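Bear in mind the structure is a predicted one, so any value in this text is a computation, not a measurement. Residue numbers start from 1 in every chain, and the chains themselves are labelled A, B, ... in the order their sequence lines are given, proteins ahead of strands.
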Amino acid sequence: MSDLWGLGDEGFGDVQRPTPIGPRGDTIPEHLLAGMNPPQREAVEHRGPALLIVAGAGSGKTRVLTHRIAGLLATREAWPSQILAITFTNKAAGEMRERVEHLVGEESRGMWISTFHSACVRILRREAEAFGFKQTFTIYDSGDVRALIKRLIKERGADIQGLTPGGVSARISKAKNELHDVDSWARTANLENPLDAAFLELWRDYESQKQRANAFDFDDLISQTVFLLRAFPQVAAQYRKRFRHILVDEYQDTNAAQYALIRELTRPVTRGELPDLRGDLEGASLTVVGDSDQSIYAFRGADIRNITEFERDFPGARVILLEQNYRSTQTILSAANAVIGNNFDRREKRLWTDSGDGDRIVGFTGYSGHDEAQFVADEIVELTSGGMAYSDVAVFYRTNAQTRALEEVLIRSAIPYRVIGGTKFYERAEIKDAMAYLITVANPDDSLSLRRIMNVPRRGIGPATEAALQAFADEQGVSLRDAMRRVGEIALGPKVATAITDLAALLDEWTAKPEADPGEVLRELMSRSGYTDQLRRSPDPQDAARLENVEELVAVAREHRRQNPSANLIDFLTETALVAAADELDDSGGQVSLMTLHTAKGLEFDAVFITGIEEELLPHRIAAMEPGGPAEERRLFYVGITRARKRLHLSLAMTRAQFGEVNPSAPSRFLEEIPAELIDWRTPPTAVRSSPQRALGSRWSDAPREQFVTGYRDPKPLPAGRPKGTFANTVTEVRDNSSMELAPGDRIRHKDFGEGRVEAVSGAGAKRIAEVRFDAAGRKRLLIKIAPIEKL
DNA sequence: ACCGAAGCACTTTTT
DNA sequence: GTGCTTCGGT
């Protein structure tokens with residue numbers, strides 16, 4: 001650290017600065033460095049063209065980032081407006097802004113701190129007119145994209161086999177994340193393949209529809225910004241000149257498009273590209289923070305090489321490692337280190353703490369997902385009665401479907417909880433309807449939203465009428481909305497024509513007032529369109545809840561306006577389109593948080609439950625077959641483990657219900673990667689086998705599904721030298737009792753509940769259920785197929 | 001045009 | 001088990 005400021009040879013000295021900076025001698029105020037360990041300190045102080053901070057979980061990277069920004073401001077090396085910080089969620093952006101403001105005060109206003117998507121929308125709105133879009137463009141979420149593609153497939157007829165909306169949208173998304181557009185993709189594609197050719201046509205259709213609707217999809221936001229910067233050098237130069245310090249969090253999860261965006265923004269500006277530029281301007285200084293062990297978004301195109309090859313990409317880059325953990329106990333870190341150590345091809349990094357071992361990890365194996373959920377609930381009661389707040393507890397799972405059992409049991413146990421993400425508020429039908437009204441008002445060209453509300457509530461405009469309107473629009477070369485306004489020129493019944501005219505008039509009235517209060521607009525639209533009336537009059541009790549949801553949305557819009565008095569309808573729509581799951585978290589809630597392992601990234605809790613640690617689920621069956629899949633699933637588990645501050649609970653179930661079918665499940669291979677002495681198993685996982693004699697002393701490692709089909713299979717020997725779980729001496733049988741005939745009155749013996757008498761049998765096939773009154777354990781409902789019972 | 005009943009396909013993770 | 005689509009009746 002001889003050149004502490006990096007100003008010497010790194011070339012800052014000769015460069016023209018567009019705004020004044022303080023005297024070089026300004027030092028970072030001591031309060032910004034107090035209490036930091038040496039690498040943290042260096043990460044705050046280092047100056048140079050590029051800096052990679054390899055930040056292990058819980059190593060204080062947010063603190064380092066905020067203090068680094070505060071340092072830049074405090075020393076007058078940068079104005080707030082010269083800073084662009086990219087975070088993973090809006091919530092993280094808000095927190096970072098708050099913390100920087102806390103450190104350096106009001107003067108920090110004017111920084112851009114946002115997600116990739118929000119930053120790009122901001123750029124695109126400013127520049128929209130330059131490349132054929134209107135400023136009022138709207139944003140399609142994945143549901144909108146699928147709906148549009150679905151319609152396009154349908155319109156093209158049945159000649160395209162094997163093209164599903166989901167498949168097509170995933171493919172388009174993947175291509176865009178790799179920075180392809182339709183034409184560049186077409187050049188590399190093999191169009192001999194009829195499926196690819198059909199896909200290409202569909203994609204072209206999709207793009208032209210989207211353009212006509214004045215809309216972007218999520219992936220466009222990034223890739224179109226890159227194309228914009230590349231196509232308009234003078235536009236790019238403005239942003240390059242403006243942003244002198246770019247900081248990117250969670251860099252391991254950036255994809256090719258996001259990488260390209262960063263590259264574009266950090267290019268130097270040469271004289272002549274901007275009129276008022278006196279000399280060449282070197283590229284912005286880039287700081288990235290990340291941890292390749294926490295890269296979990298490869299499915300979204302994230303490329304781990306962005307971080308592993310950072311030094312090669314950005315010559316002159318400095319790399320700083322943060323390994324000291326300030327979050328978790330050593331027990332939790334040892335488990336995390338042991339698990340992630342099984343990923344080969346990684347840069348060795350070991351988290352450590354000086355804050356002690358803490359409690360052992362608690363393990364539990366339930367009979368079913370419900371049983372497992374009951375364990376979670378019981379433990380939460382235990383923890384909170386010991387003084388822990390509900391909001392300090394989180395429950396993680398691999399798939400959203402796993403919430404059902406958890407929610408049922410938590411409700412029954414009167415534990416307040418909140419599901420983060422999952423079936424989001426904004427995905428509910430009534431909310432999408434309400435939003436579609438707003439979108440149609442804000443962006444009259446968006447025919448997708450217009451179609452959605454055309455006959456909602458019912459006003460007699462059916463498919464036939466809609467087709468007639470569309471035909472007229474195509475014929476006249478106008479929008480669907482224009483066709484509605486000119487309904488008099490179309491031969492339609494008087495009743496239908498009136499309905500269309502009324503709707504068009506209502507929408508136009510508000511389109512003319514784009515600056516009106518969004519909450520007010522929504523309330524008016526909902527009431528005057530008859531939407532609220534329809535729900536109020538409905539006999540369906542669910543409609544009462546839907547009405548409440550719409551009212552809730554009005555309240556959300558009002559609150560947004562209260563917090564941003566100048567925010568118009570488009571601002572509100574943009575914000576709601578870009579909410580991330582983790583943004584829903586508020587710490588004030590006093591509720592247990594339920595979320596997927598993906599959503600958990602970047603968060604931390606005193607007590608963490610990771611559920612469903614089973615083969616097929618974690619690693620997930622689909623991911624396990626993809627190249628790099630198992631390693632990424634392991635990282636996901638690692639992310640989950642490292643969220644815990646004090647207490648970690650790992651649980652699994654011996655059977656798991658899916659599709660309403662119950663199947664046996666095997667403990668995850670990841671469990672035995674944790675040294676046995678770290679886990680206190682309340683009930684250990686057990687060998688799953690079909691022939692009782694073989695299993696004693698066996699391990700349940702490496703237990704893929706065929707084991708259940710074909711019988712017991714000898715596991716591979718474990719690699720020596722690493723302590724492994726040894727739970728195999730306790731063996732439970734999960735057997736297939738499909739053929740067992742039970743009738744009321746039969747006596748049975750259950751492995752744990754003892755003897756009992758069958759009272760009733762219901763259901764059919766794999767779902768046959770016996771109600772049994774056990775002599776000691778009381779009444780239970782057992783799934784005959786998998787219950788550990790025998791007939792007496 | 002609208003409603004209810006029956007049949008089916010589906011679930012990995014997300015901005 | 002759910003949610004969506006299809007079909008047949010009003």
Measure from NZ or CZ of [X] to the centre of the six-membered ring of [Y] and say whether it is under 6.0 Å with the direction within 45° of the ring axis.
X	Y	answer
A/Arg643	A/Phe605	no
A/Arg635	A/Tyr638	no
A/Lys601	A/Phe88	yes

Nearest-Å distance, [atom1] ([X]) to [atom2] ([N])?
X	N	atom1	atom2	answer
A/Gln658	B/dT12	CD	P	9 Å
A/Phe88	B/dT13	CZ	C1'	11 Å
A/Glu616	B/dT13	CD	P	16 Å
A/Arg428	C/dC4	CZ	P	14 Å
A/Asp217	B/dT15	CG	C1'	11 Å
A/Ile420	B/dT15	CD1	C1'	17 Å
A/Arg635	B/dT13	CZ	C1'	13 Å
A/Glu427	C/dC4	CD	P	11 Å

Heavy atoms from C-beta onward define the side chain here; which of [options] lies closest to that of [X]?
X	options	result
A/Thr596	B/dT15, B/dT13, B/dT11	B/dT13
A/His117	B/dT15, B/dC10, C/dT2	B/dT15
A/Phe659	B/dT13, B/dC10, B/dT15	B/dC10
A/Lys150	C/dT5, B/dT12, B/dT15	C/dT5

TODO: Mark this stacking check for A/Tyr297 against B/dT14 as yes or no, applying ring centres under 5.5 Å and ring planes under 30°.
DONE: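 Here the ring of A/Tyr297 and the base of B/dT14 are not stacked, as the 5.5 Å and 30° limits are not both satisfied.
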Open item on the list: Side chains of A/Asp293 and A/Val639, heavy atoms from C-beta outward: is any pair under 4.5 Å?
Closed with: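 Not touching, per the 4.5 Å side-chain cut-off.
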Open item on the list: Contact between A/Asn306 and A/Gln252 at the side-chain level, heavy atoms closer than 4.5 Å - yes or no?
Closed with: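 They are not in side-chain contact.
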TODO: Let me know which of A/Thr254, A/Val121, A/Thr87, A/Leu221 forms a side-chain contact (heavy atoms from CB on, under 4.5 Å) with A/Phe116.
DONE: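 Single side-chain contact (heavy atoms from CB on, under 4.5 Å) partner of A/Phe116 among A/Thr254, A/Val121, A/Thr87, A/Leu221: A/Thr254.
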TODO: Before giving the answer on ring pair (Phe, Tyr, Trp, His ring centres under 6.0 Å), spell out for A/Phe609 and A/Tyr397 the whole-Å C-alpha distance, their side-chain angles and the decisive distance to 0.1 Å.
DONE: CA-CA 9 Å; A/Phe609 293 80; A/Tyr397 36 80; over 10 Å; no
- [ ] Specify the residue among A/Ser173 and A/Ala401 whose closest nucleotide of DNA chain B lies further upstream toward the 5′ end.
- [x]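 In this pair, the answer is A/Ala401.
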May I ask you to say what [X] touches in the nucleic acid, namely base, sugar-phosphate or nothing, with a heavy-atom cut-off under 4.0 Å?
X	result
A/Glu250	nothing
A/Ile622	base
A/Thr599	sugar-phosphate

TODO: Ignoring hydrogens and angles, tell me if any N or O in the side chain of A/Asn90 forms a donor-acceptor pair with the backbone of A/Leu578 under 3.5 Å.
DONE: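 Answer holds: yes.
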Open item on the list: So if I define the base as every atom that isn't primed, P, OP1 or OP2, how would nucleotides 1-8 of chain B read as a B/S/- string at a heavy-atom cutoff under 4.0 Å?
Closed with: SSS-----
Task: Side-chain N,O (A/Asn400) to OP1/OP2 (B/dT13) below 4.0 Å - done: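 Looking at the OP1 and OP2 atoms of B/dT13, one of them is under 4.0 Å from a side-chain N or O of A/Asn400.
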